[in-house]
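Here the structure comes first, spelled out in structure tokens, and everything after it is commentary.
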Protein chains: 4
Amino acid sequence: MSATSKGQNKREALVKATIKLVNNNGFHATPMSKIAKMAGISPGTIYLYFENKQNLINQVYIEVKASFSDFAFMDYEEHFSVEKGFEKIWKNIAVFKLKEVEEAMFLSQCDNTPMIDEPSRKEGLKHLQPLLDLWVRGQNEGIIKQVSPYMLYAFSIYPIAFLMNMQQRELYELSSTHVDEAYKMAWNSIKI
Amino acid sequence: MSATSKGQNKREALVKATIKLVNNNGFHATPMSKIAKMAGISPGTIYLYFENKQNLINQVYIEVKASFSDFAFMDYEEHFSVEKGFEKIWKNIAVFKLKEVEEAMFLSQCDNTPMIDEPSRKEGLKHLQPLLDLWVRGQNEGIIKQVSPYMLYAFSIYPIAFLMNMQQRELYELSSTHVDEAYKMAWNSIKI
Amino acid sequence: MSATSKGQNKREALVKATIKLVNNNGFHATPMSKIAKMAGISPGTIYLYFENKQNLINQVYIEVKASFSDFAFMDYEEHFSVEKGFEKIWKNIAVFKLKEVEEAMFLSQCDNTPMIDEPSRKEGLKHLQPLLDLWVRGQNEGIIKQVSPYMLYAFSIYPIAFLMNMQQRELYELSSTHVDEAYKMAWNSIKI
Amino acid sequence: MSATSKGQNKREALVKATIKLVNNNGFHATPMSKIAKMAGISPGTIYLYFENKQNLINQVYIEVKASFSDFAFMDYEEHFSVEKGFEKIWKNIAVFKLKEVEEAMFLSQCDNTPMIDEPSRKEGLKHLQPLLDLWVRGQNEGIIKQVSPYMLYAFSIYPIAFLMNMQQRELYELSSTHVDEAYKMAWNSIKI
DNA sequence: CATGAATGAGTGTTCATTCAT
DNA sequence: CATGAATGAACACTCATTCAT
């Protein structure tokens, strides 16, 4: 195994450990030493990969956000019809939020907390452009409501996070029927 | 001023300070000493009103949640038509989230974070019953979609939180026109 | 009930509470507030009867020591023969240590700990004079060994404390036969 | 110097500092910070060697007790005659109590105080067995009084602690003549 | 690259003491 | 005399970070 990939392994272990521990305890209640232990390395070694704790979190956030975005646009192609394209993206996001629960919860915690600094937040937002583009196209085609993309996001994408939360707390179970129902509600709320 | 009301003042100052500081720094990054200072009392005094830091947060959460619920059902009466009742409640919630930003942000942080213990979470949920009742009535009258209340909540109420977030980060401004638009989208997503 | 005796009651309650709590937790692990609570009064009230915590302990020590000494010389009279006098005193002390366990344990803790200041220690020692006098008389009569009174005390009186300790920890039970045995050993060790 | 021996140094410095400070101030009046300072290390470092303050005290107690026991049976051999064996042990103990005053005082404070937990107390008692065995042998040989070992201990060994106390408070000086006197009194009190 | 012992500033919490009532 | 709310200094303990190995 190459030196880089060994280093890569450690980095990945750190990222995974950070996600899990922050999910369970929150940022400030997860010590670097625990992250190191769960990653199977020494505390001092963290600082070979990340500047400090804040930087570690920021990096993890950016990476998880990127992985989320990649997932969201998997198999999506720009020539899709607006409806088909939206369905693809929406369902990708739903699958991510409901299956990659650890990562989704981590993002949810980061997005509602002062634990990430503003530059990293901005960085994390970059990748949603294709969805915004799709909506603009839809609006031009007279298919999507003429409202701010924030509004579209709030009523079609954001609700998934709530459903994930409920499922996570075992208050609600989302079968695939429910997911279809939900998709219909989402599409319904943004289409004209 | 009576002894009790003096105590009440201090307690309220503590609650206010906790909300503001936790909003800005997160639970684990707001020391008791800072809370005390902002409340204008001595650190030791906190422990006359709250058992410990965890208990302080739990209590504040429960109180803010209660105040939110009170606000949500202000001027609402059970004999209202389903549509009128929903509008009243939805707009109350919107006003709360957009005007009482401090409290709304605090709830948002608590709800996506392991900082509140489970019993307090349960306690905070109690008060939404009238909305659930309204939805059942609507479903019986054939006005509201036959889906789980979690779904109805996710698509009609939860989006408000996102809009608040965006407004708070100054990424988006919600005029009253926007609020009306949003209300229409909300109602649209749950009505048959 | 007169004002003084009401005050006296509180003072006594404080003394009793102090003894019990210090026995169980040690001086520095018994807060004034607990002493007050056990005495059935308010923390502030302690300071009407004692200057501060150190003074409280010192006073309690002196009083318990005095009560111990009184007990030690109960029914003792100076015209007793040396042997009879010693027996009386020794057995008084034994009864005190084995029956007034709370007070005896308190003294034992004070005597082996830096919790009492030196003046109070001296004060507490005053009262043993009659025993010393008896020993001097015994030495003049050729009955008692010609050694320092510290030595006499160490081998005849001090052992009782050990037996009390063992009984207190339920490692050993002292029947009256054992007490007689012990007395014989004590007398044996100091008599010529 | 090896890493372990450096650690050992720190641990020993901590133990020494604890003994000295607890002797002077009592357990609850000696802050961890002072112990650290006297040991020449940082407060946080204590917790690399001991779990917490209670554990620190317990360990120190157990170690000092073990060192005391080792000393007590130095050069003692089981084939010694009962009298010779007892003399050896008694004098060892006397030397320990009169020369290793810090350690002896520490034990004395621990034994009369609720500062040590019960398991550690039990642990500390283990090592006296050879003395008990010697006494049983002596009783079988008709040399030692037929009384409980607690009684034998109380009248022959325990008095040394009192003499140490007095010497420590500079109330009494124990010359080697006095020690011989004392030994005779001790042997006298347990032999038939 | 990696370690992990060591640091020391910072945290939650306690408690002797005061003082307005 | 008595109260008990309020204080704030002091404490035990934690943890991000460093650095000699």
B/Lys53 NZ to E/dT11 P, in whole Å, measures 9 Å
Assert: residue with more 5' nearest nucleotide on DNA chain E, out of B/Pro31 and D/Gly44, is D/Gly44
A/Lys10 has its side chain closest, among E/dA2, E/dT18, E/dA6, to E/dA2
Margin query: Under a 3.5 Å distance rule, please check whether D/Arg169 uses its side chain to pair with a backbone N or O of C/Glu118 as donor and acceptor.
Written below: no
- Close side-chain approach of D/Asn165 to C/Asn112, heavy-atom, < 4.5 Å: yes
Taking OP1 and OP2 of E/dA2, is either one under 4.0 Å from a side-chain nitrogen or oxygen of A/Tyr49?
yes
When rounded to whole Å, the CZ to C1' distance for the pair B/Phe27 and E/dG12 reads 10 Å
Output row for DNA chain E, stems defined as at least 3 consecutive Watson-Crick or G-U pairs under 3.5 Å, is E:2-21 with F:2-21
To the nearest angstrom, the CG-C1' distance between B/Leu48 and F/dA6 comes to 7 Å
A/Gln54 CD to F/dC15 P, in whole Å, measures 17 Å
SB check A/Asp111 A/Lys65 (cutoff 4.0 Å):
yes
Could you tell me if A/Lys53 sits above the aromatic ring of A/Phe27, with its cationic atom closer than 6.0 Å to the ring centre and no more than 45 degrees from the axis? yes
Query raised in the report: Without hydrogens or angle criteria, can the side chains of A/Asn23 and A/Glu102 be said to hold a donor-acceptor pair below 3.5 Å?
Result: yes
- Message: Does A/Phe50 reach a base, just sugar-phosphate, or nothing at all? Heavy atoms under 4.0 Å.
- Response: nothing
When rounded to whole Å, the CG to C1' distance for the pair D/Leu21 and F/dC11 reads 15 Å
Sorted by position of nearest nucleotide on DNA chain E, 5' first, the leading residue of D/Ile41 and B/Ser33 is D/Ile41
Picking from E/dT3, F/dA2, E/dA16, the nucleotide nearest the side-chain atoms of A/Thr45 would be E/dT3
When rounded to whole Å, the CE to P distance for the pair C/Met32 and E/dT18 reads 10 Å
Here the distance between atom C1' of F/dC15 and atom CG of A/Asn52, to the nearest Å, is 14 Å
Rounded to whole Å, CD1 of B/Ile46 lies from C1' of F/dT7 at a distance of 13 Å
Side-chain atoms of B/Ser42 come closest, of E/dT3, F/dT7, E/dA6, to F/dT7
Between D/Lys34 and A/His28, whichever has its closest DNA chain F nucleotide further toward 5' is D/Lys34
Nearest-nucleotide check on DNA chain F, D/Ala29 vs A/Glu51; residue mapping nearer the 5' end is D/Ala29
Worksheet item: Is there a side-chain contact between D/His28 and D/Met115, using heavy atoms and a 4.5 Å cut-off?
Response: no
Tightest non-hydrogen contact, residues A/Pro114 and B/Gln109, listed as CD-OE1, 3.4 Å
